[in-house]
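These notes concern the structure reproduced below.
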Amino acid sequence: MKQISVINSIEVPEGYENEALKIRDAYIAYFKSKPGFVSSTFYRAINANNKFNYVNIVVWDSYESFESVVNSGFENTAGLNEDNRKVLGKGFPPPIKVSPGQFEIIRND
C-alpha cells in the first residue's frame, strides 16, 4: 500500500478564521475515527499575498482507505459520504473556498 496525501488549499476571508478552524478540527476528529487515517497538518500562510491562506494536509495509509471514507462523496454533487458528512472540500461554507487534491509521494529526499 502506498500512502496518499489529501492536500486542501483553502481561501479563508478575514473574519472567518475561527469558523474555518472549528470546521477543520471537527473533520479531523471524524477522520481520526476512521481506519487508515495517518495524520493531518494544518498550515497558515505567513505571506499576506497568498491566494490560499491555509493548507490542510491529511495523510491516509492508502487510496483505498481514503476512498472508503469519502466513498459516495465522489458520486453526488453535495459531496456527502455514507456518514452524511460533506467531503471533498465541501464541508466549509461560503465564502470559504477549498481546492482539494489527492497526491501520492513520488520522491522523498
Side-chain angles (χ1 to χ4, degrees):
M1 279 193 279
K2 201 182 250 191
Q3 284 188 344
I4 68 147
S5 297
V6 178
I7 302 174
N8 293 313
S9 302
I10 309 168
E11 296 176 61
V12 180
E14 189 174 329
Y16 288 87
E17 296 89 348
N18 286 336
E19 184 174 3
L21 288 169
K22 283 193 267 184
I23 292 168
R24 182 264 178 191
D25 291 348
Y27 270 89
I28 296 308
Y30 167 72
F31 293 154
K32 284 181 177 180
S33 73
K34 299 298 179 183
F37 173 85
V38 174
S39 66
S40 178
T41 306
F42 200 43
Y43 297 87
R44 181 178 55 216
I46 58 174
N47 180 334
N49 297 327
N50 287 347
K51 175 181 178 181
F52 301 110
N53 49 349
Y54 289 89
V55 173
N56 191 42
I57 300 175
V58 181
V59 179
W60 295 90
D61 67 356
S62 67
Y63 187 78
E64 292 74 23
S65 292
F66 162 74
E67 193 175 42
S68 73
V69 174
V70 299
N71 48 43
S72 60
F74 286 119
E75 299 168 4
N76 65 74
T77 56
L80 293 171
N81 72 2
E82 289 178 357
D83 292 330
N84 209 33
R85 298 289 302 229
K86 287 188 175 185
V87 292
L88 304 174
K90 297 180 180 184
F92 290 87
I96 299 170
K97 297 178 186 172
V98 180
S99 297
Q102 299 89 41
F103 300 84
E104 65 182 1
I105 296 171
I106 60 168
R107 287 196 178 96
N108 193 3
D109 302 324

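Residues take their numbers from the sequence shown, with the count starting at 1.
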Non-hydrogen side-chain atoms of Tyr63 and Lys2 separated by less than 4.5 Å: no
Donor-acceptor contact present, side-chain Lys90 to main-chain Thr77, <3.5 Å: yes
Main-chain N/O of Lys86 paired to Tyr27 side chain as donor or acceptor, under 3.5 Å: yes
Counterpart residues, salt bridge (Lys or Arg N to Asp or Glu O under 4.0 Å), relative to Asp25 (two or more places apart): none
Heavy-atom pair with the smallest gap, counting every atom of Val38 and Trp60: CG2-C, 3.7 Å
Centroid-centroid under 6.0 Å between Tyr54 and Tyr43 rings: no
Shortest non-hydrogen separation from Ile23 to Gly91 and the atoms involved: CG2-O, 3.6 Å
4.5 Å side-chain heavy-atom contact, Ile10 and Asn53: no
Side-chain donor-acceptor pair present, Ser62, Ser65, cut-off under 3.5 Å: yes
Charged N-O contact under 4.0 Å between Asp83 and Lys34: yes
Flag side-chain contact, heavy atom, 4.5 Å: Phe37 against Val59: no
Min side-chain heavy-atom separation Gln3-Glu104 under 4.5 Å: no
Asn56 and Ser40: side chain donor to acceptor below 3.5 Å: yes
Heavy-atom closest pair, residues Val55 and Ile57: CG1-CG1, 4.0 Å
Donor-acceptor contact below 3.5 Å, side chain Asn81 vs main chain Asn84: yes
Min side-chain heavy-atom separation Lys97-Pro13 under 4.5 Å: no
Expected output: side-chain Asn8 to main-chain Gly89 donor-acceptor under 3.5 Å: no
Qualifying residues under ring-ring contact (aromatic ring centres under 6.0 Å, His included), relative to Phe92, sequence neighbours excluded: none
Ile4 side chain near Phe103 side chain, heavy-atom distance below 4.5 Å: no
Residue list, ring-ring contact (aromatic ring centres under 6.0 Å, His included) with Phe52, at least two apart or on another chain: none
